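One structure is given below, encoded as structure tokens.
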2 protein chains.
Amino acid sequence: MQLSLVEENYLKTIYHLAEHSDSDISTTAISEELDTKPASVTDMLRKLSDKDVINYQKYRGVQVSDKGKKLALQIIRKHRLWEVFLVQKLGFNWYEVHEVAEQLEHIKSPLLIKRLDNFLGKPTVDPHGDPIPDENGEYKEVPLCALSELETGNEGNVIKVPDSDPSLLRHLDKIKMKLGSKILVKDKVEFDDTVLIQIDDRNEIYISGKIASTIMCSSI
Amino acid sequence: MQLSLVEENYLKTIYHLAEHSDSDISTTAISEELDTKPASVTDMLRKLSDKDVINYQKYRGVQVSDKGKKLALQIIRKHRLWEVFLVQKLGFNWYEVHEVAEQLEHIKSPLLIKRLDNFLGKPTVDPHGDPIPDENGEYKEVPLCALSELETGNEGNVIKVPDSDPSLLRHLDKIKMKLGSKILVKDKVEFDDTVLIQIDDRNEIYISGKIASTIMCSSI
DNA sequence: AAATATATTTAGAGTCATCTAAAAAAGTTA
DNA sequence: TAACTTTTTTAGATGACTCTAAATATATTT
């Protein structure tokens with residue numbers, strides 16, 4: 001069984017939405033994520049359900065099936081391996097890779113991925129800190145907490161940042177925040193959740209609550 | 001102006017057919033090459049003509065326009081750069097790369113190609129000896145002659161072999177014929193054009209006229 | 001040049017993925 | 001629970017690319 005490029009994108013989107021939610025995924029949520037109309041999503045859900053990659057009941061939302069999870073993880077694996085390639089071998093910045101990897105992830109050649117993986121030294125995380133599933137779709141889950149959750153006076157290391165927003169990633173470059181950076185929370189502003197932090201023992205800097213909530217740290 | 005994946009494949013096919021012919025390209029020739037029906041080709045020719053990448057007049061066949069040539073050469077450039085990547089960096093054999101490169105050539109990112117080109121050391125030929133056009137679509141033409149054209153007693157070096165037939169390329173591997181190999185023509189069989197050759201001063205070996213006509217040599 | 005054969009185009013239809021508008025179901029509020 | 005709002009689905013249409021069958025143009029043969 002083969003999925004079309006469009007089907008792959010739907011599946012991946014549903015998988016990612018399901019990752020960050022424990023309830024069923026709604027038609028509207030998918031349509032917003034993919035910038036399509038809910039009616040189009042309904043059509044596609046029937047198709048994906050026929051192919052057994054999702055469990056779908058009218059009006060009840062969807063879950064990704066076991067079969068769908070395997071497929072989704074292979075697409076994600078490809079996406080993240082290509083991102084590593086772009087950054088480590090071609091010198092891309094971490095804010096330049098997402099869009100290109102969105103195209104490269106659909107290339108169909110198991111041999112290519114196997115050899116790319118070897119060429120890259122079997123990396124386990126992509127340039128944004130996201131784990132790379134192995135050939136069986138497995139990867140290690142690391143317990144993380146958002147920077148915004150750290151208490152004043154506490155420290156953490158940056159483990160993962162959002163991958164798809166170039167403007168945020170450029171900002172992180174500007175303030176020299178990288179994967180692995182040590183973050184010390186110096187103060188929190190209750191009014192709007194602004195956080196005052198120190199990155200790698202350098203100058204103090206304010207970041208918005210919105211940014212702070214997207215930076216994932218090791219919880220020590 | 002952007003071409004769809006399907007349009008790109010039509011354009012590339014027409015370009016390649018035109019390379020090996022000085023007359024206009026027929027609807028049937030295109031349909032055979034792309035394994036579609038002539039009626040489908042006619043539809044597409046109207047579309048490509050509207051986009052000014054070909055010159056088309058009903059019943060008269062097509063030529064690739066200047067605009068079309070530029071686009072085609074960029075696709076070919078991408079195809080051949082990816083082939084170099086697959087062979088030189090990922091360890092693919094020359095008979096394994098064509099199909100994957102057919103997919104990779106459609107990835108849209110000028111930055112990617114620029115950086116890939118640099119990463120590979122700005123190669124000028126692909127693993128089958130085909131020239132790689134530069135960013136402006138230019139490349140050096142080398143005068144070549146088919147092995148089948150060499151006279152008995154003459155020598156040549158292998159410069160270019162067909163790229164898309166794995167079974168032929170596997171056979172060349174078997175008889176240890178590589179790009180650059182020195183070929184000495186020892187005998188020719190008039191009956192069916194079989195050629196007896198010596199490759200790099202090793203044992204003599206017979207190759208069919210069909211194979212001999214696809215191996216392109218430097219004419220010394 | 002007429003007859004025949006071949007190549008090409010047109011007409012009409014099917015599939016895939018999308019849309020809009022309307023209908024139906026589910027959820028919320030009074 | 002009845003009325004209203006929101007979400008989801010259905011119905012019908014569109015655009016891109018393909019097909020078959022029929023019509024038309026070109027090429028070849030006699």
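What you see is a predicted model; the values in this text were computed from it and never measured. Residue numbers begin at 1 in each chain, while the letters A, B, ... track the order of the sequences.
One atom, CG of B:D35, and another, P of D:dT18, lie 11 Å apart when rounded to the nearest Å. The CG atom of A:D24 sits 15 Å away from the C1' atom of D:dT7 (whole-angstrom rounding). Between the CE atom of A:M44 and the P atom of C:dC19 there is a distance of 11 Å, given to the nearest Å. At whole-Å resolution of the value, CZ in B:R46 and C1' in D:dT18 are 13 Å apart. Computed from coordinates, the A:I25 CD1 to D:dT7 C1' distance equals 15 Å when rounded to whole Å. In this structure, B:L45 places its CG atom 14 Å from C1' of C:dT10, rounding to the nearest Å. We find that CD of B:E7 is positioned 16 Å from P of D:dG15, with the value rounded to whole Å. Atom CD in A:E8 sits roughly 16 Å away from atom C1' in C:dC16 (whole-Å rounding).
In this structure, A:Y10 has its ring center no closer than 6.0 Å to that of A:Y15.
The nucleotide whose nearest atom lies closest to any side-chain atom of B:V6 is, among C:dT10, C:dA26, D:dT18, D:dT18. Counting only heavy atoms from C-beta on, A:D43 has its side chain closest to C:dT18 among C:dT18, C:dT20, C:dA24. Here the nucleotide nearest the side chain of B:Y59, chosen from D:dT26, D:dT20, C:dA26, is D:dT26. Minimum atom distance to the side chain of A:Y56 is reached by D:dT9, of the listed D:dT9, C:dC19, C:dT9. Side-chain proximity of A:P38 to the nucleotides D:dT24, C:dA11, D:dT9 is greatest for D:dT9.
Using a 4.0 Å cut-off, some side-chain N or O of A:Y10 falls inside it from OP1 or OP2 of C:dT18. Within the structure, a side-chain polar atom (N or O) of A:T27 is placed less than 4.0 Å from OP1 or OP2 of D:dT9.
Each of B:R60 and A:S40 was assigned the nucleotide of DNA chain C with the nearest heavy atom; the assignment lying further toward the 5' end belongs to B:R60. Checking B:K58 against A:K37, the closest nucleotide of DNA chain C that is more toward the 5' end is the one next to B:K58.
Judged as a salt bridge (Lys or Arg N to Asp or Glu O under 4.0 Å), and not counting sequence neighbours, the contacts of B:K122 are B:D117.
Because its NZ or CZ atom is both nearer than 6.0 Å to the ring centre of B:F119 and within 45° of the ring axis, B:K89 counts as a cation-pi partner of that residue. Taking the centre and axis of the six-membered ring of A:Y56, the NZ or CZ atom of A:R46 falls outside the cone set by 45° and 6.0 Å.
Note on B:E83 versus B:K78: no salt bridge recorded, every NZ/NE/NH1/NH2 to OD/OE distance being 4.0 Å or above.
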